[in-house]
Amino acid sequence: MSARYLPVGWNASKLVYDGVLLAIVASYIAVFLWVAPHFQHVTLPLDAYSARMGAFGTCAFFLLTAILCIGPAARLDRRFLPLLYNRRHFGVLTCAVALTHANAAFEWYFSYSPLDPFVALLSGNTSFRQISGFPFEVFGIFGLVVLVLLAATSHDFWLRFLTPPVWKSLHMGLYAGYLAVVLHVALGALQAAHNPLLAVVMTLCVLMVGVLHLAAGRRPARPGDTIDGWIVAGRADSIAEGRAIAVPVPGAEPVAIFRHDGKLSAVTNLCAHQNGPLSEGAVIDGCITCPWHGYQYRLADGCAPPPYTEKLVTFRLKFTDGMVLLDPSPNPPGTYVEPLRVA
Amino acid sequence: MSAFFVGWHLASIRPWAGFLGMVCGCAMVLFAAVALALGSVASDPGGGDFSGEKDLTGVVVAAPYPLLVLAPDAEHPTGHAVLLSGGGKVGIQVQADALNGKRVRATGVGFKRGTIDMMVGVQLQPAEGPSPEPTVIPLGVWRLTGEICDGKCESGIMRPGNGLSHKACANVCISGGVPPVFVTTAPVEGASFLLMGDAQGRALPDAFGDHTGMLQRMDGSVVRIADVAIFRTDVTAAVTP
Ligand code: FES
């Protein structure tokens, strides 16, 4: 939770997370650069820059694929949620790996000429009207710009400055970046490869991202019936103690209805941090706790406990014929609403 | 209440620790296995390599791109021609034009791949001695299929120094004056690497860039100077076979 900004708010989870991530990346690069060449069938080895381009480029692609899979995987199976917790560090590391790939290509292919290297980069290949030989570098540049932009704005300062909805839309740009990277590889390295393995692995990755998103995107819930403008949310006993349900609201974000100590409270489903799905969270120490990074809010007024300052919009609830009804018009953030006691 | 992970409380991960340990372990093994598989199927970049510091004396031919023609010897009964280039992605056309047809001493660094003998970082100095005009032997009209590469990367400065991922670099090199070579799919009179020029035997026109780095088919005449074949063609008429 944010009361002040630190470069990184380290804690034990983040250290473990980053340690595992670095170990995975380091082993990938080490195996690619120093072990795999012993198994190559080549007249002479690849030069160091070309080998580095391959190692860091493919690594960045796989990391990006993993980042995009974590979200839907966590929705399908809550045990993946801890992988989502520190996804920003994952993104920053992926950006660093991609920059290493780009730097090797830039130094090797576009330096040492009478042209400025950036001019050489943009003018080296202008065959825009053909598929084979298309300047795949432009897709790589776009993907890299997206990664750098997202890494640069990943800090909570930017989140607060841009507001969570804008920040989140910006960070959805990762999908455009991923598409650009796929095109970059498909029109570049795949065209030059004599072995289909990279094409096969890439296709599997793209399929995995697509299938996971489709599976996680299946939303069985449809807005319920309304009675005098109130939405029928269901029976109180359908909500487990300490947990919540998400109630769809036509034309708006869902509302999370929590049950704690035999009382019900309703707040927006969007966490004030990064719009995480609060209904997938839990009540801990008497507070709604977001599943993504653990931001907490009081049940009755949606306010983060002091010294934190985040506030959620709250909603009114009532019982009719044993059913919980939700008033879909939101109260201003932080408005106190007396929790509804379950009969 | 069932397990719930809170990021700032590492101990809350305990119920899921086994599952997460397995996921991380699998990810580590999968990443390493993919690195091993992808790293070991690298396309063969060929055998172009550094061939030593060079200090040679011969006659300069400036067109289509600078060549140094050496006198015949036991190994090269028809004489030997070396392609010349500057340091970096730049040619030595100005130096070569000034000394065209003259005897020079050329110093630089050698790279060799198959029949391409390339000298880079070349400095030319006028030299004393005979400067016989190199004979141009016509080898007829050919329809050839192959790839346009820059002679420098292809000769082993880069491995790989060809293909579509290297296309932009080849374009930067060739437009900087590095001699382009046509790497044929089948040898022409024993040569798989032909120096390129336009149909009149001059440097390639600027529009070569759409045709580099991939298989192209083109028609033209082939001539030989010493042991180097030169493909004179209208590169803009090249087609994808
Ligand atoms: S989105 Fe980060 S704590 Fe809720």
Side-chain angles (χ1 to χ4, degrees), chain A residues 11-13 16 20 23-24 27-28 31-33 35-37 39-47 50 54-55 58 62 79 81-83 85-86 108-110 112-115 120 124-127 130 132-133 135 137 188-189 191-195 197-198 201 241-243 282 284 289 293-294, chain B residues 1-13 16 19-20 23-24 27-28 31-49 87-90 156-173 175-176 209-214 240:
Chain A
N11 60 32
S13 302
V16 172
V20 172
I24 290 175
S27 67
Y28 183 94
V31 169
F32 197 110
L33 290 181
V35 181
F39 299 92
Q40 290 173 352
H41 300 288
V42 290
T43 316
L44 283 174
L46 270 65
D47 66 64
S50 301
T58 51
F62 296 132
R79 291 176 300 172
L81 270 172
L83 302 184
Y85 172 57
N86 203 19
W108 203 217
Y109 290 161
F110 302 104
Y112 315 111
S113 94
L115 299 174
N125 183 2
T126 52
S127 305
Q130 56 200 62
S132 179
E137 293 86 355
Q191 301 291 323
H194 294 138
N195 187 297
L197 185 64
L198 179 60
V201 176
E241 175 64 24
R243 285 291 162 84
I284 292 178
T289 306
H293 313 97
Chain B
M1 192 178 65
S2 55
F4 186 74
F5 168 75
V6 190
W8 36 261
H9 183 39
L10 183 59
S12 66
I13 217 170
W16 299 345
F19 173 77
L20 290 166
V23 169
C24 293
M28 176 96 75
F31 266 68
V34 170
L36 185 63
L38 289 180
S40 58
V41 296
S43 306
D44 187 357
D49 203 5
K89 300 175 201 278
V90 61
I157 288 198
M158 289 188 185
R159 283 196 304 261
N162 54 24
L164 274 175
S165 34
H166 178 265
K167 178 180 174 71
C169 176
N171 289 354
V172 172
C173 282
S175 44
D210 287 346
H211 305 282
T212 49
M214 55 195 179
T240 302

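Below, chains carry the letters A, B, ... as their sequence lines are ordered, and counting in each starts from 1.
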Atom pair CD1/CH2 of B:Ile157 and A:Trp108 - distance to nearest 0.5 Å: 7.5 Å
Count the heavy-atom pairs under 4.5 Å between each of A:Gly188, A:Pro135, A:Ala12, A:Gly133 and chain B, then report the option with the highest count. A:Gly133
Could you pull out the closest heavy-atom pair between B:Gly47 and A:Leu44, with the gap in Å? O-CD1, 3.4 Å
Against chain B, label A:Asn125 side chain, backbone, both or neither, depending on which of its atoms sit under 4.5 Å from a heavy atom there. both
Considering only heavy atoms, which portion of B:Phe19 lies under 4.5 Å from any heavy atom of chain A: side chain, backbone, both, or neither? side chain
If you tally heavy-atom pairs under 4.5 Å between each of B:Gly213, B:Gly46, B:Gly209, B:Gly163 and chain A, the highest tally belongs to B:Gly46
Residue A:Tyr85 versus chain B: region with a heavy atom under 4.5 Å: side chain
For the candidates A:Phe39, A:Tyr112, A:Tyr28, which exhibits the highest count of non-hydrogen atom pairs separated by less than 4.5 Å from chain B? A:Tyr28
Ranked by heavy-atom pairs below 4.5 Å to chain A, first place among B:Gly156, B:Cys173, B:Gly88, B:Cys169 goes to B:Cys169
Please identify, among A:Gly54, A:Pro114, A:Pro37, the residue contributing the most non-hydrogen atom pairs under 4.5 Å to chain B. A:Pro114
Heavy-atom pairs under 4.5 Å with chain A, option from B:Lys89, B:His166, B:His211 with the top count: B:Lys89
A:Thr58, part contacting chain B, at a heavy-atom distance under 4.5 Å: side chain
Is any side-chain heavy atom of B:Leu20 closer than 4.5 Å to one of A:Leu83? yes
Which bit of A:Ala55 is near chain B, if near means a heavy-atom gap under 4.5 Å: side chain, backbone, both or neither? neither
Donor-acceptor contact present, side-chain A:Asp47 to main-chain B:Met158, <3.5 Å: no
Using a 4.5 Å cut-off on heavy atoms from C-beta on, say whether the side chain of A:Gln191 contacts that of B:Lys167. no
Of A:Leu81, A:Val35, A:Val31, A:Leu115, the largest count of non-hydrogen pairs under 4.5 angstrom with chain B goes to A:Val31
Hey, can you pull the donor-acceptor pairs under 3.5 Å for the side chains in residues 32-43 of chain B, sequence neighbours left out?
unit_1  : atom_1 : unit_2   : atom_2 : d
B:Ser40 : OG     : B:Leu36  : O      : 2.7
B:Ser40 : OG     : B:Ala37  : O      : 3.1
B:Ser43 : OG     : A:His194 : N      : 3.3
B:Ser43 : OG     : A:His194 : ND1    : 3.4

Name the region of A:Ser50, side chain, backbone, both or neither, that has any atom closer than 4.5 Å to a heavy atom of chain B. side chain
Output the distance between atom CD1 (A:Ile24) and atom CZ (B:Phe31), rounded to the nearest 0.5 Å. 6.5 Å
Shortest non-hydrogen contact from A:Glu137 toward B:Ala168: OE2-CB, 3.5 Å
Listed partners of A:Phe110 passing ring pair (Phe, Tyr, Trp, His ring centres under 6.0 Å), at least two apart: none
Out of B:Ala27, B:Ala11, B:Pro160, which one racks up the most heavy-atom pairs below 4.5 Å with chain A? B:Pro160
Counting heavy-atom pairs under 4.5 angstrom with chain B, the leader among A:Ser27, A:Ser132, A:Ala189 is A:Ser132
In this structure, CG of B:Leu164 is separated from OG of A:Ser127 (nearest 0.5 Å) by 9.5 Å
Side chain from CB out, backbone as N, CA, C, O: work out which of these in B:Met214 comes under 4.5 Å of a heavy atom of chain A, or both, or neither. side chain
